[in-house]
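Okay, so here's the structure we're looking at.
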Amino acid sequence: MSSPYQPVVGLEVHAVLETRSKMFCDCPLVDSTHAEPNVAVCPVCSGMPGMLPVINQAAVEYAVRVALALNCQVHSTSIFARKSYFYPDLPKGFQISQYEQPLATDGWLEFDTAEGEQRVAIRRVHIEEDTGKLTHVEEDGGRYSLVDLNRSGVPLLEIVTEPQLHSVEAVRNCAYALRSILRYVGVNSGNLEKGLLRIEPNISIRPAGSTEFGTRVEVKNLNSFRSLERAVAYELERQGALLEGGGAVVQQTLGWDDARGMTQPQRSKEFAEDYRYFPEPDLPPLVLDPAWVEDVRASLPELPHTRLKRFAGQYGLSGYDAGVLTAEREVADFYEAAVAAAKQADAKLVANWVSGPLFGLLNEAGAELGALPFGPAELAALLDLLAGGAINPAGARLALAELFASGGQPAEIVERLGLQQVSDAGQLQAWAAETLARHPQQVAEYLGGNAPLLNWLFGQALKLSGGKADPAALRAELERQIADAGLQKEQSA
Ligand SMILES: [Zn+2]
């Protein structure tokens with residue numbers, strides 16, 4: 001049964017611009033999950049009276065990179081504003097943000113779904129500063145709130161999409177695509193757990209076919225993509241049930257409770273009408289030289305979605321494989337370098353080995369591609385040995401594991417570990433014969449009609465060869481000998 005309601009979701013994203021220093025002072029950015037509280041604080045970011053903010057030029061460049069990558073119009077003049085905000089995690093009593101004249105507007109982002117390519121419009125991209133962090137504790141019968149200002153004044157980019165996402169899948173893939181872009185242009189590591197990237201969906205539903213918007217809720221506290229998906233699915237379900245039962249959705253901010261798998265109302269700090277924005281008197285308008293903006297545009301790397309489409313066409317990969325290989329810039333670079341270095345292995349074989357065995361080893365070790373003790377040229381050399389028949393897939397896996405553990409040259413590893421594929425006919429005959437001799441029962445059952453046993457027997461033969469036999473040739477030899485045995489049995493019967 002299809003739902004009578006259409007989901008309507010937009011995203012509001014806050015990404016820390018991971019520059020060396022904060023937005024308006026030269027305090028360093030520290031890892032908020034490890035650093036001692038209040039080690040990166042000065043009179044500017046702790047809001048001492050009379051201190052003047054100075055714009056971090058690197059943060060502006062980072063912001064422009066993202067705005068351009070999202071196909072936005074970057075405005076030559078944008079204005080910083082004070083957003084009144086009375087809460088102890090921001091001692092100034094206001095947050096410096098951009099309001100009426102943001103850095104950039106009117107962009108778009110492309111991503112893939114099962115139904116094909118989709119595009120979501122980007123309403124605005126603006127620069128602001130982060131707030132500090134409050135920790136509420138209860139002990140010895142008292143309640144305390146601890147203030148940590150390490151995060152106060154950290155440069156943030158706010159990215160707002162139009163509400164044009166109409167499924168949980170679209171929300172997830174759009175969020176992944178955005179994260180991928182932030183990582184490609186080198187401004188944000190995309191870590192949701194540490195709060196370096198915060199994704200807040202606004203969610204409503206409306207009768208299918210309607211063009212009017214329903215009442216929306218915003219969901220906060222999503223610290224993983226999994227939570228994002230679960231929260232959106234939960235809200236769509238909840239709102240649908242409400243409307244079905246004759247109720248109404250209340251506009252509010254909700255928090256996601258991951259353990260209980262549900263949203264719940266958050267006590268909101270303030271209402272939009274209370275922000276009382278006004279231009280920040282201590283900062284001049286941010287004026288960008290159009291020539292400089294063009295320089296930034298020219299310095300952007302090929303972006304993930306463009307690269308995905310090129311990979312599919314140029315290397316003959318499926319959309320899925322191309323997506324896996326281009327999600328991270330380092331992986332895509334590694335793959336292309338390996339394809340370029342390979343002499344016999346083709347692009348498809350390299351793709352299979354990067355996204356299969358190599359990713360498997362990386363995941364198992366919890367390692368990053370950058371930490372590998374070998375490069376794309378060594379992977380290409382290894383796969384050339386495989387494509388040329390010098391080693392079989394089992395040998396290639398062992399050689400890759402050794403390369404992964406200690407580096408070195410594939411040809412030397414194959415030699416040292418004795419992984420050369422054996423294609424010698426006499427040797428293959430001996431292994432096949434030995435297999436038949438060891439498992440007469442299974443051979444008889446196979447001949448009696450238990451067809452799947454052939455694969456089992458082949459596995460035994462391959463094991464007997466220490467995994468070194470040319471698999472296709474060994475299998476052919478095994479099948480020939482079993483057929484012979486069957487013939488002899490018939491003749492003797
Ligand atoms: Zn500071």
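As the structure lists them, so they are numbered: ligands from 1, and atoms in each ligand from 1.
- Interatomic distance, E237 CD to L242 CG, rounded to the nearest 0.5 Å: 11.5 Å.
- Around the Zn ion (ligand 1), the protein N, O or S atoms found under 2.8 Å comprise C25 SG, C27 SG, C42 SG, C45 SG.
- A distance of 10.5 Å separates NZ in K92 from OG1 in T131, rounded to the nearest 0.5 Å.
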Result block: side-chain N/O donor-acceptor pairs under 3.5 angstrom for residues 225-234, not counting sequence neighbours:
from : atom 1 : to   : atom 2 : distance (Å)
S227 : OG     : S224 : OG     : 2.9
S227 : OG     : D258 : OD1    : 3.1
E229 : OE1    : R172 : NH1    : 3.3
R230 : NH1    : D258 : O      : 3.3
R230 : NH1    : D258 : OD1    : 3.1

Taking distance alone, no hydrogens or angles, what donor-acceptor pairs closer than 3.5 Å link side-chain atoms of residues 39-58 to residues at least two apart or in another chain?
from : atom 1 : to  : atom 2 : distance (Å)
S46  : OG     : C42 : O      : 2.7
N56  : OD1    : A58 : N      : 2.9
N56  : OD1    : A59 : N      : 3.2
N56  : ND2    : T19 : OG1    : 3.4
N56  : ND2    : S21 : O      : 3.0
N56  : ND2    : K22 : O      : 3.1

List the atom pairs, with distances to 0.1 Å, where a side-chain N or O of residues 74-81 and a protein N or O form a donor-acceptor pair under 3.5 Å, not counting sequence neighbours.
from : atom 1 : to   : atom 2 : distance (Å)
H75  : NE2    : T105 : OG1    : 2.7
S78  : OG     : Q98  : NE2    : 3.0

| said: As a quick check of understanding, evaluate ring pair (Phe, Tyr, Trp, His ring centres under 6.0 Å) for Y315 and Y335, giving each step before the final call. | reply: CA-CA 11 Å; Y315 300 123; Y335 169 72; 5.4 Å; yes
